[in-house]
Amino acid sequence: QVQLVESGGGLVQAGGSLRLSCAASGPTNRAYTMAWFRQAPGKERNFVAAITWSGGTTDLADSVKGRFTVSRDNAKSTVFLQMNSLKPEDTAVYYCARQRNGGSWSSARKSDDYDYWGQGTQVTVAS
């Protein structure tokens, strides 16, 4: 059974930085695209970032480009989301997810294409 555990969330002032981690356990995650999504109160879950299994290709939502970076360390089965220049609108619960077996990069932004999810970590950005 695959388990994903996020950490690194917290309260930060606008303009600050946080680094989220997602540790995977169970069957290897090295061959899968991994992604980050976020969900603000009363809103739907939205795509934030994705990274291929090799780490050679990444995708970022327009709202976070230039501020967030996604990376992974397959030796440690961990995916990271470095968040800089945080804004109050970045406040949300952040989830990491593993794309389903057979999923394609073209659908990496779609939450329905992910079959394993972490429990989420709260990020709050104060103005």
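Heads up: numbering here begins at 1 and tracks the sequence.
- In this structure, the side chain of Arg109 does not engage the main chain of Ala49 through any donor-acceptor pair within 3.5 Å.
- Sparse packing is recorded around CD of Gln3, with 12 or fewer heavy atoms of other residues, nucleotides or ligands lying under 6.0 Å away.
- In terms of heavy-atom proximity, Thr33 sits nearest to Arg72 at CA-NH1, 4.3 Å.
- Scanning both residues, Ala92 and Arg38, for their nearest heavy atoms gives CB-CB, 3.8 Å.
- No chain of hydrophobic side-chain contacts below 4.5 Å, direct or via other Ile, Leu, Val, Met, Phe, Trp or Tyr residues, connects Tyr114 to Ile51.
- Between Ser85 and Ser17, the closest heavy-atom pair is N-OG, 4.3 Å.
- Connection of Val79 to Trp117 is not established within any shared hydrophobic cluster, with ILVMFWY side chains joined at heavy-atom distances below 4.5 Å, either directly or through further cluster members.
- Ring orientation note: the planes of Phe37 and Phe47 are nearly perpendicular, at an angle over 60° on the 30°/60° scale.
- No side-chain donor-acceptor contact under 3.5 Å links Glu6 to the backbone of Cys22.
- Note that the CD atom of Glu89 and the OG atom of Ser127 stand 10.0 Å from one another [nearest 0.5 Å].
- Of all the heavy atoms in Trp36 and Phe80, the pair that sits closest is NE1-O, 3.6 Å.
- Side-chain N or O atoms of Thr91 include one that pairs as donor or acceptor with a backbone N or O of Val125 at under 3.5 Å.
- Remark: Asp90 does not engage Lys87 in a salt bridge, criterion side-chain N to carboxylate O under 4.0 Å.
- What you find for Leu11 and Ala126 is that their closest heavy atoms are CD1-CB, 4.2 Å.
- No continuous path of ILVMFWY side-chain contacts below 4.5 Å connects Val93 to Leu20, so the two sit in separate hydrophobic clusters.
- For residues 111-127, the set of pairs meeting the salt bridge (Lys or Arg N to Asp or Glu O under 4.0 Å) definition, not counting sequence neighbours, comprises Arg100-Asp113.
- Residue Gly8 comes nearest to Leu18 through the heavy atom pair O-CD2, 3.8 Å, listed as atom of the first residue, atom of the second, then distance.
- With values rounded to the nearest 0.5 angstrom, Arg19 atom CZ is found 11.5 Å from Met83 atom CE.
- Under the 4.5 Å side-chain heavy-atom criterion for Ile, Leu, Val, Met, Phe, Trp and Tyr, Tyr95 and Tyr32 are members of distinct hydrophobic clusters.
- One distance of note links CD of Gln1 with OH of Tyr116; it measures 4.5 Å at 0.5 Å rounding.
- Judged by distance alone, the side chain of Asn74 and the main-chain N or O of Trp53 form a donor-acceptor pair under 3.5 Å.
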